[in-house]
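Shown next, in structure tokens, is the structure this report addresses.
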Amino acid sequence: MAQAVETLISADHVLVGPAGTRIADGAVLVNGSEIVAVGPRAELASGVSSATTHKDFPGCTVLPGLIDAHVHLAFDASADPVTAVRELDDETLLAGMADRARQLLDNGVTTVRDLGDRDGLAVRLRDAIADGHYPGPRIVAATTPLTVPGGHCWFLGGEVHGEQEIRAKVRENAARGAEVIKVMATGGGLTKGGAQTWESQFTAEELRMVVTEAHALGLPVAAHAHGSTGIADSVAAGVDTIEHCTWMAESGFEVLEDVVAEIAAKGIAVCTGASPNWRKFAERFGEDRAAEIFGRVRWMAEQGVRLIAGTDAGVPNAVFDNFAGSLDFYRFLGFPGEQILNMATLDAAEALRLGEHTGRLAPGYRADLVVVGGDPIEDLDAVRDVRLVLAAGRPHVPSGAISN
Ligand SMILES: [Zn+2]
């Protein structure tokens with residue numbers, strides 16, 4: 001058996017992860033799928049054998065591989081992603097999913113959480129990527145989201161009614177390889193008919209059944225929740241992350257400040273699913289309404305809510321090849337660069353229960369890293385200039401990247 005080859009990757013800066021920890025003229029030593037050492041370039045270079053491959057990136061920064069905590073690989077980001085997902089045969093859909101996974105990797109994304117597909121295809125793709133058949137990020141898949149009959153994303157196959165069906169679907173997903181359970185606590189914009197976006201689909205009691213069953217199987221729960229009641233019920237039920245969290249009500253918005261305080265106190269992560277095309281959202285919804293939604297995201301962060309990066313890639317306009325565009329949303333809100341990068345690395349890793357495996361550069365961690373031109377803390381746009389990606393130690397150079 002061939003011995004794993006050691007590679008020493010060096011650059012002007014290495015951002016190891018936790019805020020404020022930057023190594024100037026730094027390096028990362030990788031062996032196979034694992035990080036072996038992180039430190040000053042001179043120190044690491046003097047300790048390696050002559051067989052070690054050196055890759056130096058002047059003018060660049062090495063940072064932990066990025067994490068998109070909310071994608072739908074089965075959706076194609078077109079104006080009507082639903083028809084394709086319903087009509088394509090498995091193999092064709094899987095090929096499309098593999099292509100979209102590769103686009104995310106091109107963007108420096110080495111881990112994604114897929115929050116809803118059909119027939120376990122994301123699990124098949126996860127395994128194929130892990131086996132090296134396709135280039136792509138690690139996939140943490142929810143498989144089929146639980147919804148009510150005719151409810152949000154019912155066409156993915158997760159319609160459940162009553163306690164027995166709820167518990168059975170959670171177990172079915174787990175058996176299929178789900179690593180997280182997704183529940184549609186409220187309606188959503190993508191689905192015609194069914195509950196309105198702000199309207200609850202499940203009772204607090206039913207959400208508690210989902211959580212109890214999932215936690216008994218060792219799985220976290222991600223709740224899609226736009227409406228204030230759905231958010232409050234999800235929090236009371238003990239879900240692990242809340243998706244969107246827009247505080248919609250029948251007319252306008254209704255922020256429940258005590259629930260926000262509870263989200264912060266319990267450390268429940270909130271993924272707003274900021275589309276790379278969030279500026280279009282502002283145009284469509286009107287400036288006032290958009291400003292209200294946007295301002296609330298900043299306000300939640302000020303209240304101590306842990307936000308994590310995610311794009312909702314796959315739904316209309318949420319493309320797979322502009323992760324930086326989604327991060328730009330937080331820059332627009334005035335978040336410092338360091339905080340934005342944390343949201344897309346270590347904070348997201350912790351929320352996905354991968355905090356001991358990825359999201360930072362440290363010995364023993366999975367070799368998930370990205371090399372970008374420039375310094376992303378000084379200027380977030382550097383994240384658009386991806387030179388090299390390592391996902392589980394596998395090198396990937398995006399097409400069109402400046403070669404090195
Ligand atoms: Zn979604």
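Just so you know, ligand 1 is whichever comes first in the structure, and atom 1 is the first atom listed for that ligand. Predicted model only: the values in this text are computed from it and were never measured.
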- Answer whether the closest heavy-atom distance between the side chains of P376 and I340 falls below 4.5 Å.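 Sidechains of I340 and P376: no contact.
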- Query: Side chains of T241 and R113: closer than 4.5 Å at any heavy-atom pair?
  - Reply: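 Side chain of T241 against side chain of R113, heavy atoms only: contact under 4.5 Å found.
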- Mind telling me whether H224 and H244 have parallel, tilted or perpendicular rings, with 30° and 60° as the class edges?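 Geometry flag for H224 against H244: perpendicular rings.
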- Task: With side chain to side chain donor-acceptor pair (under 3.5 Å) as the test, would you mind laying out the steps for N342 and E338 before giving the verdict?
- Result: CA-CA 6 Å; N342 278 356; E338 207 158 63; over 6 Å; no
- Message: So, applying side chain to side chain contact (heavy atoms under 4.5 Å, CB included) with V62, which one of L15, L388, L361 is it?
- Response: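 Of L15, L388, L361, side chain to side chain contact (heavy atoms under 4.5 Å, CB included) with V62 is met by L361 alone.
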- Query: Any idea how many protein N, O or S atoms are nearer than 2.8 Å to the Zn ion (ligand 1)?
  - Reply: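 Number of qualifying protein atoms: 3.
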- Message: Has D347 got a side-chain atom pairing as donor or acceptor with I308's backbone, closer than 3.5 angstrom?
- Response: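 Absent.
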